[in-house]
There are 4 protein chains.
Amino acid sequence: MTENDPVPNSKQTTENTAAPGRRRELLATAAEVFAAHGYNATTVRRIADEAGLLAGSLYYHFDSKESMLDEILSTFLDELWAGYDTVLASGLGPRETLEALVTESFREIDRHRPAVAIYQKESRHLAARPRFAYLADSQRRFEKAWLGTLQRGVAERVFRADLDTRLTYRFVRDTVWVAASWYRPGGAHTPEEIARQYLSMVLDGIAVRD
Amino acid sequence: MTENDPVPNSKQTTENTAAPGRRRELLATAAEVFAAHGYNATTVRRIADEAGLLAGSLYYHFDSKESMLDEILSTFLDELWAGYDTVLASGLGPRETLEALVTESFREIDRHRPAVAIYQKESRHLAARPRFAYLADSQRRFEKAWLGTLQRGVAERVFRADLDTRLTYRFVRDTVWVAASWYRPGGAHTPEEIARQYLSMVLDGIAVRD
Amino acid sequence: MTENDPVPNSKQTTENTAAPGRRRELLATAAEVFAAHGYNATTVRRIADEAGLLAGSLYYHFDSKESMLDEILSTFLDELWAGYDTVLASGLGPRETLEALVTESFREIDRHRPAVAIYQKESRHLAARPRFAYLADSQRRFEKAWLGTLQRGVAERVFRADLDTRLTYRFVRDTVWVAASWYRPGGAHTPEEIARQYLSMVLDGIAVRD
Amino acid sequence: MTENDPVPNSKQTTENTAAPGRRRELLATAAEVFAAHGYNATTVRRIADEAGLLAGSLYYHFDSKESMLDEILSTFLDELWAGYDTVLASGLGPRETLEALVTESFREIDRHRPAVAIYQKESRHLAARPRFAYLADSQRRFEKAWLGTLQRGVAERVFRADLDTRLTYRFVRDTVWVAASWYRPGGAHTPEEIARQYLSMVLDGIAVRD
DNA sequence: GATGAATGAGATTTCATTCAT
DNA sequence: TATGAATGAAATCTCATTCAT
């Protein structure tokens, strides 16, 4: 769980790595539009309009609409795993690991909201395509990290013994990521505040204790 | 909250001359395909293939691809609200209401999995179109029911006083519905079992109590 | 050399075999245009114009422009090899085999002029693509048939001993097929007449004998 | 037939300020790519890649893709006609003229293989455009030279009386030029050797004489 | 009820070409 | 001389929809 980024992805396509200025701008625009309207429903022309050039001109920078999506998702996942790996490598107990993962996740949502929203909506069917195989890989690592933490918590009697860890994993995973669909950076809550509230609910429950 | 189906929708379009059996079959097929691949990515031809007829022939049964979607979603919402309204009309306390709503929700997922999955993925951007205004209406009623229950619970000291109810509402709402994306009817868990586990987590937390 | 059509080709794509009427017409039109202007330079719209429908409508009948080309070429090659195999299986001597192959070739040009012209112009670079691998296969069988006949002729002292058979094969092969670029069915010469003239030149030379 | 280059062509376009070395290199590269993939299928970017610069940079050297093609073909034809005119002006008999023309042709293929291959594939449809009218002119002169030689040969009883000279002209013309598609300079045969073999076939036939 | 054929609008992509630097 | 970025026209292809049979 602490190995160095074993998730292979295809981030770098034909185009050069060196001149990231324009490229990054265009990707940010594309991500915003994909997130707002869905990948399929987004036309290349729409992205181009938003970025202030003609549709065909995007093809100077990117091979295809799909390769934009690819680069958006893989860049996000690379950063996500950098954060996760730091957490997982730091030798925390299960509860602290869970807290750190949740907090890190909300921070990623804060930084990569469009990418997370796209990931949330599209990853399931994308993962089937060879080009996006890294999504399935990431999914697997993800499960290992979260489910492992829950199971360790149960084993160490930090989490309740009667927990269906698989089910709990799904609940937790989904709630965290779906947040990207309503979260607005710069809104009422900081990522850390949201994480705190969420952890409070999941760890201690919302019911008043007798 | 107990009024009779105030959500207007357009379920019945022009044609319902023929045996409603075929119609229902075709909608079930369409829902399955929409859920699996997304509404936009689903071609009319794909639905027709799956149903064993030619694309053009679907237009004998339905006005348009959109009207299939409309009918799938509105049928689902009608049933959902029938269930919810029964719960909300039965005078339960906040905790029991929450339990009943969650249980009812997982039952709906069990019965209408494809519709719920479509709803989950598409409702946000559909709600903007006039034809699907009922989605926004439903969303509002939904918020009133759930958020109201949480707030009532805090007021009656059944739920913790320090709860950010709005945030909690979002967490709960999302987790429940996203379940449609992994739930498989006839799988390891009954809807009631899933509801029980989920409620246990949300109400009492996963941490071991001192 | 007498086995039953061992050249695999992909003639039948998705579309049905049963209703060949419209399909065949459209292919004939496409072949004519491909032959006249080259495959790359031919637009789908041009074919559609010539056939009297809209460009998009062609896609009801064919998967792609490429699949039209594929079907044109593979249909032609199937017929060609049916004819060649009959000749090769009939136990003729080298000279008679050569005469029969040449005659058969000019007959095929008469029947499939556009296909032959396309084959002549495009086969070299198409053969590299997996989809058109059967072109390379055919090319190999072709060489075996013609070169083999020439070599047999030399061995049996029917053809001159000092013949560079490989070079002669190339000359003969090319001359025969390039004829498709100037031949007009219904013109001054029948295929058999052309074959006779050509064979006279190749077998006996154009110089007056001393 | 001995006039000095009456074929007008447009070889020199606007720019020839710079070192003609680079220009020639670029044209050689372009010719190679045109010959390998066809003029239409060749992108300016491909030529630029092969030459080690960017697509836009080619426009410093040439007006357009078409002007590269123009210069390649007209340069070739100028040299070809220099050779042919020498032969035609030297007062040889029909048989010797034919031998000299064939030999000269294979020498041109050796020197200008890519240009000949392009000429072979593209000249028919290019000749229609005004800019490439010189291709049609050349074609006419070509026919006059070859057909005239054959007719003279028949008249002088050097070639067989029963020859269909028009048909023979086509056969001979095609075979010679198609050779560009398989000939590789520096391969097994010198141009002169190929010419000898070819002339042997055409003049004396491949059949053993009784 | 269903088919086969077509429409037409719009999508992605390609590519020769331009031009400021 | 060359680059990097963009243009704009056109190409292939997709797909919801229509309609005569």
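Within every chain, numbering begins at 1; the chains are lettered A, B, ... in the order of the sequence lines, protein sequences first and strands thereafter. The structure presented is a predicted model; accordingly, all values stated were derived computationally and were not measured.
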Write down the protein N/O and nucleotide N/O pairs, taken from nucleotides 6-8 of chain E, whose separation is under 3.5 Å; answer none if there are no such pairs.
unit_1 : atom_1 : unit_2 : atom_2 : d
E:dA6  : OP1    : C:R22  : NE     : 2.8
E:dA6  : OP1    : C:R22  : NH2    : 3.2
E:dA6  : OP2    : C:H61  : NE2    : 2.6
E:dT7  : OP2    : C:L54  : N      : 2.9
E:dT7  : OP2    : C:S57  : OG     : 2.9

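Side-chain polar atoms of B:Y134 and B:D70 form a donor-acceptor pair below 3.5 angstrom.
Here the straight-line distance linking atom CG of B:L53 with atom OH of B:Y60 works out to 12.5 Å at 0.5 Å rounding. Atoms CD and OH, on C:E66 and C:Y39 in that order, are 5.0 Å from each other to the nearest 0.5 Å.
In a base pair of the Watson-Crick type (N1 to N3 plus N6-O4 or O6-N4) or a G-U wobble (N1-O2 and O6-N3), with each distance short of 3.5 Å, E:dA5 is matched with F:dT18. F:dC13 is paired with E:dG10 under the criterion used here, namely a Watson-Crick or G-U wobble arrangement in which both key atom distances are under 3.5 Å.
Between the P atom of E:dA11 and the CD atom of A:E66 lies a distance of 18 Å, rounded to the nearest Å. What separates OH of D:Y59 from C1' of E:dT18 is a distance of 9 Å, to the nearest Å. Rounded to whole Å, atom P of F:dC19 lies 13 Å from atom CG of B:D63. In this structure, the CZ atom of C:F62 is 17 Å from the C1' atom of F:dT14, given to the nearest Å.
Using a 4.5 Å cut-off on side-chain heavy atoms (C-beta onward), B:F62 and B:E71 make contact. Between B:M68 and B:T42 there is no side-chain heavy-atom pair separated by less than 4.5 Å.
Looking at D:E32 and D:R113, a side-chain N of the basic residue comes within less than 4.0 Å of a carboxylate O on the acidic one, giving a salt bridge.
Across the C1' atoms, E:dG1 and F:dT21 are found 13 Å apart, a figure rounded to whole Å.
Using cut-offs of 30° and 60° on the angle between ring planes, the pair C:H112 and C:F76 is tilted.
Of all the heavy atoms in D:L54 and D:A48, the pair that sits closest is C-CB, 3.6 Å.
Residues of residues 32-51 of chain C that place a heavy atom closer than 4.0 Å to DNA chain F, in numerical order, are C:T42, C:T43, C:V44.
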